[in-house]
Colleague: 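Shown below is the structure under consideration.
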There are 2 protein chains.
Amino acid sequence: MSTRLRPSNHPGRNRPDAGSALAQRFRTWQAAAFDMTLCPVRDVLDRVGDKWTTLMLIALTTGPMRFGALNRAVPDISKRMLTQSLRVLERDGMISRQVFPTKPPSVEYRLTPLGQSILEPLIQLVTWAEVRHADIRTARERFDAAAKADAA
Amino acid sequence: MSTRLRPSNHPGRNRPDAGSALAQRFRTWQAAAFDMTLCPVRDVLDRVGDKWTTLMLIALTTGPMRFGALNRAVPDISKRMLTQSLRVLERDGMISRQVFPTKPPSVEYRLTPLGQSILEPLIQLVTWAEVRHADIRTARERFDAAAKADAA
DNA sequence: CAGCATCCGTGCGGATACTG
DNA sequence: CAGTATCCGCACGGATGCTG
């Protein structure tokens with residue numbers, strides 16, 4: 001699903017850009033990273049965005065956990081989705097699965113180095129979320145109020 | 001949908017934790033941030049995870065864009081989803097909408113300071129994605145190969 | 001040009017029951 | 001305990017057609 005940004009449309013009449021270093025970085029991106037046939041952005045964002053995987057990674061930061069423990073640590077997740085999400089994370093190399101041949105059997109999941117490494121950028125994002133959450137909520141109230149005013 | 005992590009189950013027999021500073025931060029989280037009735041994590045992750053909003057924010061880093069330009073900059077997005085995503089982002093205060101009363105009308109979208117501010121953590125995540133993408137892909141091949149082996 | 005309205009297929013994910 | 005199997009609703013999102 002080629003979800004890449006086009007390098008630069010409007011060849012001759014480029015708008016004066018924001019000028020920030022950030023915009024600059026993103027512009028190089030548009031020419032480089034997004035040209036890949038299967039861009040890593042969508043790839044990782046699909047994981048981060050899905051309903052459970054991020055919560056599970058966070059839960060596993062406290063140490064290895066058994067299936068049942070994870071099920072309790074992430075409330076409201078069904079066994080079905082837990083299993084499914086665990087498989088995805090295992091497949092991506094984010095967590096490892098270790099089976100103990102006891103009876104009844106027990107299975108322990110733990111973060112791999114790769115799984116650990118994503119927590120760093122992830123925590124940045126969540127920190128942002130914490131800090132800016134109030135702003136977002138007030139923005140929404142504003143918007144909704146304005147929308148209601150327009151309706152009247 | 002109370003998507004918060006439980007503070008700490010298994011009171012008496014806590015596993016020896018990974019010991020990293022990161023795990024420590026996350027543990028304080030579990031007690032604090034996730035106790036909120038509507039946790040900001042899920043809130044922001046829902047946005048980041050959805051199919052288009054992140055791409056749109058990235059596209060807007062190069063400067064203000066018209067509806068049509070955005071539609072071209074983010075290939076494969078339909079007008080329907082573009083409109084819908086723009087509304088969500090506007091509602092959250094991430095972008096602002098400016099209508100020019102020309103005919104035919106033109107509308108320009110631009111990042112707000114709030115919208116700018118999320119790019120910093122976002123770029124961290126995507127940088128991670130770029131760096132680790134190869135690892136993930138090889139992990140997947142491994143896993144799939146092993147799965148096929150088990151099937152046989 | 002910028003968008004809303006409508007129809008519709010697909011897949012995510014919940015609930016339930018069963019197994020080694 | 002740690003899953004698998006099956007059914008199913010519903011929201012996400014694509015395609016198309018119509019407006020100011």
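The chains referred to below are lettered A, B, ... by the order of the sequence lines, with proteins before strands, and numbering in each begins at 1.
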Colleague: Nearest whole angstrom, please: distance from the P of C:dG14 to the CG of A:Asp76.
Modeller: 9 Å
Colleague: Would you kindly compare A:Ile77 and A:Pro105 by the position of their nearest DNA chain C nucleotide and give the one closer to the 5′ end?
Modeller: A:Ile77
Colleague: CE of B:Met81 versus P of C:dG9: gap in Å, rounded?
Modeller: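 Roughly 18 Å, once rounded to whole Å.
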Colleague: What integer distance in Å separates A:Trp52:CH2 from C:dG13:P?
Modeller: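 That distance rounds to 9 Å.
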Colleague: State whether the side chain of A:Asp50 and the backbone N or O of A:Trp52 hold a donor-acceptor pair below 3.5 Å, judged by distance alone.
Modeller: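 Checking the backbone N and O of A:Trp52 against the side chain of A:Asp50, a donor-acceptor pair under 3.5 Å is found.
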Colleague: Rounded to whole angstrom units, what separation is found between the CG atom of A:Leu70 and the C1' atom of D:dG3?
Modeller: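 Spelled out: CG on A:Leu70 to C1' on D:dG3 is 14 Å.
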Colleague: C:dG3 P sits how many Å from B:Leu82 CG, rounded?
Modeller: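 Roughly 8 Å, once rounded to whole Å.
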Colleague: Considering only side-chain heavy atoms of A:Lys51, which listed nucleotide, C:dG13, C:dG3, D:dG14, is closest?
Modeller: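 Looking only at heavy atoms from C-beta outward on A:Lys51, the closest nucleotide is C:dG13.
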Colleague: Please pick, from D:dT4, C:dC4, C:dG13, the nucleotide with the shortest atom-to-atom distance to any side-chain atom of B:Arg87.
Modeller: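 It is C:dC4.
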Colleague: Rounded off to whole Å, could you give me the CG-to-C1' distance for the B:Asn71 and C:dC1 pair?
Modeller: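 After rounding, the reported distance stands at 11 Å.
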Colleague: Consider the side chain of A:Pro104, meaning its heavy atoms from C-beta on, and name the nucleotide among D:dC1, C:dG14, D:dG3 that approaches it most closely.
Modeller: D:dC1
Colleague: Using the side-chain heavy atoms of B:Ser106, tell me which of these nucleotides is nearest: C:dA2, C:dG14, D:dA2.
Modeller: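 Minimum distance to the B:Ser106 side chain belongs to C:dA2.
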Colleague: Within the structure shown, what part of the strands sits under 4.0 Å from B:Tyr109 by heavy-atom distance: base, sugar-phosphate, or nothing?
Modeller: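 It contacts sugar-phosphate atoms only.
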Colleague: Does B:Ser78 put a side-chain nitrogen or oxygen below 4.0 Å from OP1 or OP2 of D:dG13?
Modeller: no
Colleague: How long is the span from the CZ atom in A:Arg97 to the OG1 atom in A:Thr112, to the nearest 0.5 Å?
Modeller: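 The CZ atom of A:Arg97 sits 15.5 Å away from the OG1 atom of A:Thr112.
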Colleague: Is there a side-chain contact between A:Arg97 and the phosphate of D:dG3, meaning an N or O under 4.0 Å from OP1 or OP2?
Modeller: yes
Colleague: Would you confirm whether A:Thr53, through its side chain, and A:Ser85, through its main-chain N or O, come within 3.5 Å as a donor-acceptor pair?
Modeller: no
Colleague: Just wondering, more than 12 heavy atoms not from A:Arg140 lying within 6.0 Å of its CZ?
Modeller: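 Atom CZ in A:Arg140 is crowded, with more than 12 foreign heavy atoms closer than 6.0 Å.
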Colleague: If you count every heavy atom of other residues, nucleotides or ligands that lies below 6.0 Å from A:Arg87 atom CZ, does the total exceed 12?
Modeller: yes
Colleague: From CG of A:Asp46 over to P of C:dG11, roughly how many Å is that when rounded to an integer?
Modeller: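 A:Asp46 atom CG is separated from C:dG11 atom P by 14 Å.
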Colleague: Starting at the 5' end of DNA chain D and moving along, which residue's nearest nucleotide shows up first, A:Val107 or B:Asp50?
Modeller: A:Val107
Colleague: Any idea which of D:dC7, C:dA5, C:dG3 is nearest the B:Arg80 side chain?
Modeller: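 That would be C:dA5.
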Colleague: With a 4.0 Å limit, can you tell me whether B:Arg66 has a side-chain N or O closer than that to the phosphate oxygens OP1/OP2 of C:dA2?
Modeller: yes
Colleague: Rounded to the nearest angstrom, tell me the gap between atom CZ in A:Phe67 and atom C1' in D:dC1.
Modeller: 9 Å
Colleague: Nearest of D:dG17, C:dC7, D:dT4 to any side-chain atom of B:Lys79?
Modeller: D:dG17
